[in-house]
Amino acid sequence: MNLDLFDSLEPNDRRQQQLGQHAFVLRGFAISHMTELLSALESIWQAAPFRHLTTPGGLRMSVALTNCDQLGWTSDRNGYRYTATDPDSGHPWPAIPAPLLHLAQTAAAQAGFDDFAPDACLVNRYEPGTKLSMHQDKNEQDFKAPIVSVSLGIPALFLFGGHARTDKAERVPLFHGDVVVWGGADRLRYHGVLPLKEARHPLLGRQRINFTFRKAG
Ligand code: MD3
Ligand code: FE
């Protein structure tokens with residue numbers, strides 16, 4: 001496996017990298033908001049704890065997840081879908097903390113997507129060894145809105161594929177504070193995350209947190 005790029009990039013590199021026609025990595029974009037982000041994260045998991053869901057095929061996902069905002073992504077033996085309430089508690093998902101919404105909107109605008117109005121915020125938690133298989137995000141009603149993702153904690157190698165599952169994927173390292181925005185022609189591209197390497201982050205320990213903001217409804 002060639003990890004040269006992964007090893008040679010600095011964690012808080014501030015370059016803006018274009019991955020596709022409408023896909024951008026904003027290096028370190030979330031760093032200046034970190035205190036608010038970490039307290040938002042804590043308030044979310046205290047109200048709606050991380051859990052490992054089962055796929056429709058009966059497999060336990062290695063990523064643990066929770067949600068905030070109006071709609072939360074969930075999976076069980078019956079399929080993938082968005083729900084207004086947490087199936088574990090029966091309560092609405094926690095409201096989206098204002099600093100999180102603000103970050104998602106300013107990142108989208110920076111990448112050329114004005115007036116982004118997300119209604120769903122998925123929070124994924126990875127530990128060393130956790131992976132996310134190649135997939136498309138297509139449970140949303142509206143593919144015109146972009147998707148914004150914020151990475152915290154230990155680094156990951158993100159796989160950015162094409163429009164067919166078998167298209168060759170580019171490997172993009174994502175570090176603490178990086179924000180990625182995908183929309184337009186790149187909205188339905190296959191993507192995934194390679195198994196995380198063993199590492200420890202000073203603020204988050206042995207974990208990577210990814211917030212994914214979407215317009216789902
Ligand atoms: C690329 N999460 O939860 S960010 C997911 O790091 C998911 O946890 C990843 O993929 C993570 O579904 C990656 C989100 C992402 C979303 C949509 C995309 C990446 C995308 C659409 C096209 C290309
Ligand atoms: Fe995805």
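Whatever order the structure lists them in is the order used to number ligands and atoms, beginning at 1.
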Given NE2 of H191 on one side and NE2 of H135 on the other, what angle do they make at the Fe ion (ligand 2), to 10°?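 An angle of 90° at the metal.
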Under a 4.5 Å side-chain heavy-atom rule over Ile, Leu, Val, Met, Phe, Trp and Tyr, are [X] and [Y] clustered together?
{"X": "V123", "Y": "W93", "answer": "no"}
{"X": "F213", "Y": "L188", "answer": "no"}
{"X": "I96", "Y": "M34", "answer": "yes"}

Is the ring pair W182/F158 parallel, tilted or perpendicular, if the boundaries are 30 and 60 degrees?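 W182 vs F158 ring planes: tilted.
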Which of parallel (below 30°), tilted (30 to 60°) and perpendicular (above 60°) describes H176 and H201? tilted
Can you find a heavy atom in the side chain of L38 that is under 4.5 Å from one in the side chain of L204?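 Counting from C-beta outward, L38 and L204 do come under 4.5 Å.
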Does the side chain of R27 come within less than 4.5 Å of Q17's, by heavy atoms?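 Touching, per the 4.5 Å side-chain cut-off.
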[X] neighbourhood, listing ligand 1 atoms whose heavy-atom distance to it stays under 4.0 Å:
{"X": "R189", "result": "22 (C), 23 (C)"}
{"X": "I147", "result": "16 (C), 17 (C)"}
{"X": "R208", "result": "6 (O), 8 (O), 11 (C)"}
{"X": "R187", "result": "21 (C), 22 (C)"}
{"X": "L122", "result": "3 (O)"}

R189 with E170: basic N within carboxylate O range, under 4.0 Å: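 Salt bridge absent between R189 and E170.
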Please write down residue, atom name and distance for the protein heavy atom closest to [atom].
{"atom": "atom 5 (C) of ligand 1", "value": "R214 NH2, 3.4 Å"}
{"atom": "atom 11 (C) of ligand 1", "value": "Y126 OH, 3.1 Å"}
{"atom": "atom 3 (O) of ligand 1", "value": "N124 ND2, 3.0 Å"}
{"atom": "atom 16 (C) of ligand 1", "value": "D137 OD2, 3.2 Å"}

Checking salt bridge (charged side-chain N to carboxylate O under 4.0 Å, His left out) for the pair D137/R187: CA distance, chi angles, key distance, verdict? CA-CA 8 Å; D137 289 17; R187 172 65 181 76; 5.2 Å; no
Using a 3.5 Å cut-off on N or O atoms only, is [X] in polar contact with ligand 1?
{"X": "D186", "result": "no"}
{"X": "H191", "result": "yes"}
{"X": "W182", "result": "no"}
{"X": "S149", "result": "no"}

Hydrogens and angles aside, do S149 and N210 bring a side-chain donor and acceptor to less than 3.5 Å of each other? yes
Determine whether the side chains of E140 and Y82 contain a donor N or O and an acceptor N or O closer than 3.5 Å.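 Yes, Y82 and E140 have a side-chain donor paired with an acceptor closer than 3.5 Å.
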Close approach of [X] to ligand 1, heavy atoms, under 4.0 angstrom:
{"X": "F160", "result": "yes"}
{"X": "Q136", "result": "no"}
{"X": "F158", "result": "yes"}

Location of contacts on L132 toward ligand 1, heavy atoms closer than 4.0 Å: side chain
Checking one value in my table: which N/O/S atom of D137 lies closest to the Fe ion (ligand 2)?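 Nearest N/O/S atom of D137: OD1.
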When you measure from the centre of the six-membered ring of Y126, is the NZ or CZ of R208 under 6.0 Å away and within 45° of the axis? yes
